[in-house]
Amino acid sequence: MDKTYQPSAIEQSWYQQWEQQGYFKPYQPSLTGNGYSIMIPPPNVTGSLHMGHAFQHTIQDALTRYKRMQGHKALWQVGTDHAGIATQMVVERKLAAEGQPDRHALGREAFLDKVWEWKEQSGGTITSQMRRLGNSVDWDTERFTMDDGFYKAVQEVFIRLHKDGLIYRGKRLVNWDPKLHTAISDLEVENKDSKGHMWHLRYPLADGETTGEGKDYIVVATTRPETMLGDTGVAVNANDPRYQALIGKDIILPLVGRRIPIVADEHADMEKGTGAVKVTPAHDFNDYEVGKRAGLPMINIFTMNADVRDVAQVFNSDGSVNDDIDGTLPEAYRGLERFAARKAIVADLDSLGLLDAIKDHDLTVPYGDRGGVVIEPMLTDQWYVDAKTLAKPAIEAVENGDIQFVPKSYENMYFSWMRDIQDWCISRQLWWGHRIPAWYDNAGNVYVAHDEAEVRAQNNLADDVELRQDNDVLDTWFSSALWTFGTLGWPNLDDPEVAKRMADFHPTDVLVTGFDIIFFWVARMIMMTMHFCKDDAGKPQVPFKTVYVTGLIRDEVGQKMSKSKGNVLDPLDMIDGISLDALLEKRTGNMMQPQLAEKIGKRTKKEFPDGITPHGTDALRFTLAAMASTGRDINWDMKRLEGYRNFCNKLWNASRYVMLSVAGEEAVEAAAANGTNIAITDAMKAACGITADGQSDAVVLSLADRWIISRLQRVESEVTRHFEQYRFDLAAQALYEFIWNEYCDWYLELSKPVLWDANAPEQAKRGTRGTLVRVLEATLRLAHPIMPFITESIWQQVKALAGKEHSADSIMLAPYPVAQDALIDTEAEADITWLQGVITAVRNIRAEMNIAPSKELELLFKNGDDDDFRRAEENQTFLMKLAKLEKLTWLNDGDDEPMSVTQLVGDMEVLIPMAGFIDKDAEVARLTKSIEKLEKELERVNNKLNNPGFTEKAPAAVLEKENDKAKGYERDMVKLKEQIEKIKAL
RNA sequence: AGGACUAUAGCUCAGUUGGUUAGAGCGCUACCUUGACAUGGUAGAGGUCACCAGUUCGAAUCUGGUUAGUCCUACCA
């Protein structure tokens, strides 16, 4: 074993071995428990993993390893997502950057070939990252959402939903991304606040009508004046006295000259604006509804680029084509881009005297989250899922606890969205994705089936009837909504293999994901799964029993990590380290906004002047686990990572000490020099109390041995409890505390007096060596789910010494520790607490009196009780060694007491004789300070005890505790005061 | 506009059904290369638990309000 922990030296090779041995498979002989499954949230196949992934993967892997060690058939299902828009955009950009023909020049098929090429080329990034993170996923069943098998599930779902009437096609207003030329769902729209204007426009009344005030026009207010070209009405409130008389009259639409009606509609709010609303059903969601209610036609004035058309498309309110209205648009605006058209139209209205006012106005503007341009509500034919129907059982499943969110507060978020859910637009005008299994004939009939042949067969269509498949693909989230069961082989339930997997792994146990995709993904998975998966009794199956919602990983100042901010951290750079130059290149190279490069470079140089040093996977994972308090965002802290890397080193070195103690320096150093494991001999095993035939040899356990074994039981049950409650932070903390503050700081030190004492009996040495090894071995298993590599690496060394040679070939498959109450030794714990108290008291005196740590001291005990006496007797060796004493004396009443410095340990006084060295004033000051502290505490406690309300109402246990405290403080004060008197008397 | 979450040491965070002298890591101070580890050891300093009121014998913890921050949903003629 090397002197320091070198993560890079071992991590990869262990992962390879695990994978080759098939240890990640859920079906293997040693796993006899029930199925346990986690489906990975599939990352974008062409992307790479960021810290958020590393975080979620740590949790998923920890859970999987934990359950696997408990003997469950643990499946962590792995896979990637095709990520429609994102991937298509990446490839288009790449083609452009390489000067290749764009997708329209290439054509659909050739373009898709390019996408597949890109997927093949970049798809390995994620899987190799996952291997580096130590993820114990079942690679054998890896899925990609565009795989044939998965496409089958997608198709099947679409067809069945269509048959059930839960998918329909319609001409509706959708969120249209004019840059990407596709519809997107409500969720993909990002609303951003912006400062804009409100234009008040005068709309002249037809037929010489006038308003109540005698004006021959109505003023409408709008934030989007350009849409007036598509106005088909003006709405007023039926109760509005200003306009009541005008309902049913007409307006001559300026610039266009179209005659449009004034209608009554509740949407018009008398209090808002001018009380009159222009109605543009084809370009505004509210107007669309008004138009439907009032039967107003819908006039689409924009092209798919959101430029003004030459001739508008006119539809009736039911979506049918309207030939009566002339769609011709004024020549002046044709071909103008939206915002140019706005300028022109406002200017023209102004010059016509029709611009009543312009007011500043704060509004929120919808942007496409991918394309980044303003969304245009656009009238198009799209496919929709009837979400309301599907949502009903999905809401119930959370209400009745079949699905639980951790933390629970996210349930409210889920409910509020689900109870007001809108139909889901699932068609996308993209090429990369699952093509919609629908065909059209020339008469416009729609047929939904698996393929063209099936369409013909089912509908008795002759071969010469021309059919063409829908050009659109499905929203990526439509396919990922099927993830939990699609990955298991659904719908091929006739395949016994699939049926078995469904039975073993569905519903899955827990979904680990971010709150940002609860609507996008979690909710839709619940809806789809419950519609398609039923248990034997026909009851809808939930996709998962628990949703563990993680927070976001932010940078050290709480900013979201993003490429444009240049604060992204690659988990692999945490693991392997990276030079400043390479990091700069990573952050500033190949940017979409090169102008930011300088700022990012500066920031990076300041933050990482020397790049990043390697920390290893285990340290990264431990850090992520330690910071995983539920539902909270995490501000990433390199210092924390460093601290936990040191922790790994601590564990490594503790193990090194154990091996040195058992195997001897020669064997350890030789193995380190050769880079091999230490060859474990029978003699070494015997030294730990294991005889050649595997039987235990006679051992005697010291107090320290019994103590650490007892503490081990406690940390075992603690860590287990925390895993069960998804408190990875607490689990990590418990491990840290035990390993560092108990095992290393105390137990290893306490083992030295035994092992280094030439006179100590061999049974005692065996007992201590055996305990060193066994406690370490169990601790490694306990920590393995969080830190897989270092634990495996050490475990392979110690398992034989701990008598676990044949328990498993890998720690991965070794049983998870179970606490044994019988091994809890409260007496030993109390004794060690006492011992620690005495040792700390001596060290404290040393520090305060500036006594060199190397100087051996004389120690006197005074006023101890029987327990103190016994403990002092029994633990002389420990005391002498750890407190560095030369002499230990028990003072009886009446014994001569040399001038000393004192500390209290319980009721007992610990004295260090300091004749001639005591700085009187300093010592008095020190003691006075202690007394003052006690006085304050005593006052607090006495206030409580003198309060009748407290003494009458507080539980007896609390009362007793306070009483004890008070007595203790008083006693201590008396002793300290005596001491002061003695010093003063010098 | 509605809702959620957060506010604890210089920094990053714990604090489990109200009863602790409010904890950890990092950082800081002093001392120490003692035969696992300087990625270390020992001993320390450091907090009016955002603010105000209330409930209670007792509040970091429960209730209401205020302030600040983060986020979500909705609306915006």
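Labels below follow one simple rule: chain letters A, B, ... track the order of the sequence lines, proteins then strands, and each chain is numbered from 1.
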**Study point:** Side-chain N,O (Lys965(A)) to OP1/OP2 (rU21(B)) below 4.0 Å
**Key:**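 Yes, because at least one side-chain N or O of Lys965(A) sits under 4.0 Å from OP1 or OP2 of rU21(B).
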For [N], what is the paired nucleotide under Watson-Crick or G-U wobble rules, both distances under 3.5 Å?
N	value
rC37(B)	none
rU55(B)	none
rU29(B)	rA43(B)
rU61(B)	none
rA1(B)	rU73(B)
rC13(B)	rG23(B)
rU6(B)	rA68(B)

Using a heavy-atom cut-off of 4.0 Å across all strands, would you classify [X] as base, sugar-phosphate, or nothing?
X	value
Tyr969(A)	base
Met659(A)	nothing
His267(A)	base
Arg940(A)	sugar-phosphate
Lys278(A)	nothing
Asp269(A)	base

Review point. Is the gap between the ring centers of Tyr203(A) and Tyr217(A) under 6.0 Å?
Key: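 No, the ring of Tyr203(A) stays outside the 6.0 Å limit from the ring of Tyr217(A), centre to centre.
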Review point. Counting only distance, no hydrogens or angles, is the base of rA36(B) paired donor-acceptor with the side chain of Glu749(A) under 3.5 Å?
Key: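 Side chain to base: pair present.
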Check your understanding: Does any N or O in the side chain of Thr227(A) come within less than 3.5 Å of the main-chain N or O of Arg224(A), such that one atom is a donor and the other an acceptor?
Key ->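 Yes, the answer is positive, given that a donor and an acceptor are paired below the 3.5 Å cut-off.
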**Study point:** Glu665(A) CD: over 12 foreign heavy atoms closer than 6.0 Å
**Key:**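 Check fails, neighbour count at 12 or below.
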Review point. Hey, is Glu724(A) close enough to Arg721(A) for a salt bridge, meaning N to O under 4.0 Å?
Key: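 Arg721(A) and Glu724(A): not salt-bridged.
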Exercise for review: For rU66(B) versus rA4(B), give the span between their P atoms, rounded off to a whole number of Å.
Suggested key: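 Taking atom P in both rU66(B) and rA4(B), they lie 14 Å apart.
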